[in-house]
*Asks:* 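Here you go, one structure.
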Amino acid sequence: MANYYSDIPELKYHLNNPMMERICQLKERDYRDKDEFDYAPSDFADAMDSYDKVLEITGEITADVIAANAESVDEEGPHCANGRVEYAQGTKQNLETMVKAGLNGMTMPRRFGGLNFPITPYTMCAEIVAAADAGFGNIWSLQDCIETLYEFGNEDQHSRFIPRICAGETMSMDLTEPDAGSDLQSVMLKATYDEENQCWRLNGVKRFITNGDAQLHLVLARSEEGTKDGRGLSMFIYDKNDGGVDVRRIENKMGIHGSPTCELVYKNAKAELCGDRKLGLIKYVMALMNGARLGIAAQSVGLSQAAYNEGLAYAKDREQFGKAIINFPAVYDMLSIMKAKLDAGRALLYQTSRYVDIYKALDDIARERKLTPEERQEQKKYAKLADSFTPLAKGMNSEYANQNAYDCIQIHGGSGFMMEYACQRIYRDARITSIYEGTTQLQTVAAIRYVTNGSYAATLHDYELIPCAAEYEDLKDRIKNMTRKFEACTNAVKEAADQELHDFVARRLMEMAAVCVMSHLLLQDATRCSELFEKSLKVYVNYAESEVEKHFNFIRKFDATQLEAYRQL
């Protein structure tokens, strides 16, 4: 690709969503920075032009540098020696190029050296980078850990740490331990206060830490002696310059080879508290994880785009039985569904990011002044939407990335099994997306309460009130019918009042909600831009309808007496 941004017109379409005007107004505080910073926008059009230009630069760097290095980075990978990580040569070049282009600390305020970008254009940059090299995308996009430090750290920490990230230093979030994977309340890394030196000391082991030899770490540790649950955990900032943490080893992974996944040994490492004690898991990690999950959703969309690109190019070029294989129904069926999942998942990703943008901007404004009653209502509305949409965006896009990577290899046939084709790297890289930052099963746990409390149904009813193009009214009616089947299943499960049954069918209910939401979002997109989205809308509604029907038939015919057949097979 010549440019990973401008060659994908769907990205510019999503950048120019009508909600962006409100997002820019909030993020820019009515464009107050224009008198202090010469690169600050003076109005909405100026802000959008700035985002567009930065995305263009990101797309160019991704094509010319990151994509060009992807295969060598996958082959070489990072190295571990004397307790430190050394990146692959291509990774070093990627980082250097991104830093020189000023693409770090993108969402941070300008007073710290950031670009003050909303989450939405930053998320687009993350998608673009991941489409070329998902492993490097991990290293670069972990800069968004600084959002948590900005949100919960104090002014002194802001002034010391944020400019370093904006200048190009890397970050990691050190959460997982050998005996505490998804169950983070079991974290036992010990934090003790050093009275003599007026600092905290960390001791223990962290495992599966992405980019674990970064300069700055956000660390979840047990600060309250004698506790065993989440109420005894706090968040800490560890600075690599202070020493005390060694990399024991780099994990030998199936994919994302450029991204070092480390086991870390903390030996009396100096650290400082971020925020208040005891809120590490209850408040701060949840905020950190929601940001990370949006990031993995972006990575997943990037991988879906890469898989579609590879599959489409091969299908056009490969001839069998006297014609290009793209002309065979079995192949164009796969490609059309891949594209529909890509467009649907991307619509969900950026709808989520826009919800996040509005509530986070209002949260930030609340630190400066009291919000008006209207602003408080707006903040509450979008915080709830962001919280409900994030597990859908992460869960569904990571599954779609895996499915699209699978189909990409299938289109390649035997060639797809050969290491010289990029589709095998995409396939290996995609597999982790439905595992890290919370498995799809955990995204279901996060989403299911919005199924049972009616939040998704309410959002779907709101979407039904949005006018669509006259030629799509029949599709809208079909989506409404899908929603009614989702509601019927939800009500049936609630009426059964059986917790095990509820948990057993939770993922099916979540997927029904998600495909209904994505169908509506594609309907809105096709109404605004039929030339980009009409085909995907038609294909996706067919696909979504069959998915809803499948789950509807399963749930309506299932009862708790059948659970025994599934237990301990």
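The shown structure was predicted, so the numbers you read here are calculated from the model rather than taken from an experiment.
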*Asks:* Applying the side-chain hydrogen bond (donor to acceptor under 3.5 Å, both in side chains) criterion to Arg346, which one of Gln351, Glu127, His14 satisfies it?
*Replies:* Glu127

*Asks:* Taking the cut-offs as 6.0 angstrom to the six-membered ring centre and 45 degrees off its axis, would you call Arg508 and Phe504 a cation-pi pair?
*Replies:* yes

*Asks:* Does a side chain donor of either Thr440 or Glu399 reach within less than 3.5 Å of an acceptor in the other side chain?
*Replies:* yes

*Asks:* Look at the aromatic rings of Tyr427 and Tyr406 and report parallel, tilted or perpendicular, splitting at 30° and 60°.
*Replies:* tilted

*Asks:* State, yes or no, whether a side-chain contact exists between Phe389 and Thr459 at a heavy-atom distance under 4.5 Å.
*Replies:* yes

*Asks:* Distance to the ring centre below 6.0 angstrom and angle to the axis at most 45 degrees; does that hold for Lys323 and Phe328?
*Replies:* yes

*Asks:* How close do Gly59 and Ile128 get, heavy atom to heavy atom, and via which atoms?
*Replies:* CA-CG2, 4.0 Å

*Asks:* Quick one: do the Arg528 and Gln524 side chains pair a donor with an acceptor below 3.5 Å?
*Replies:* no

*Asks:* Do side-chain atoms of Asn3 reach the backbone of Ser6 as a donor and acceptor pair under 3.5 angstrom?
*Replies:* yes

*Asks:* State, without any angle test, whether Asn481 and Glu545 hold a side-chain donor-acceptor pair at a distance under 3.5 Å.
*Replies:* no

*Asks:* Which value, rounded to the nearest 0.5 Å, describes the distance between Ile119 atom CD1 and Lys27 atom NZ?
*Replies:* 6.5 Å

*Asks:* Do the rings of Tyr382 and Tyr355 sit parallel, tilted or perpendicular, given the 30° and 60° boundaries?
*Replies:* tilted

*Asks:* Name the orientation class of the two ring planes belonging to Phe554 and Phe558 (parallel below 30°, tilted from 30 to 60°, perpendicular beyond 60°).
*Replies:* parallel

*Asks:* Would you please classify the geometry between the Tyr122 ring and the Trp140 ring as parallel, tilted or perpendicular, with 30° and 60° separating the classes?
*Replies:* tilted

*Asks:* Could you tell me whether the side chains of Asp387 and Tyr359 share a donor-acceptor contact shorter than 3.5 Å?
*Replies:* no

*Asks:* So, Tyr31 and Asp46: side-chain donor and acceptor under 3.5 Å apart, yes or no?
*Replies:* no

*Asks:* Any chance the side chains of Tyr540 and Asp343 put a donor and an acceptor closer than 3.5 Å?
*Replies:* no

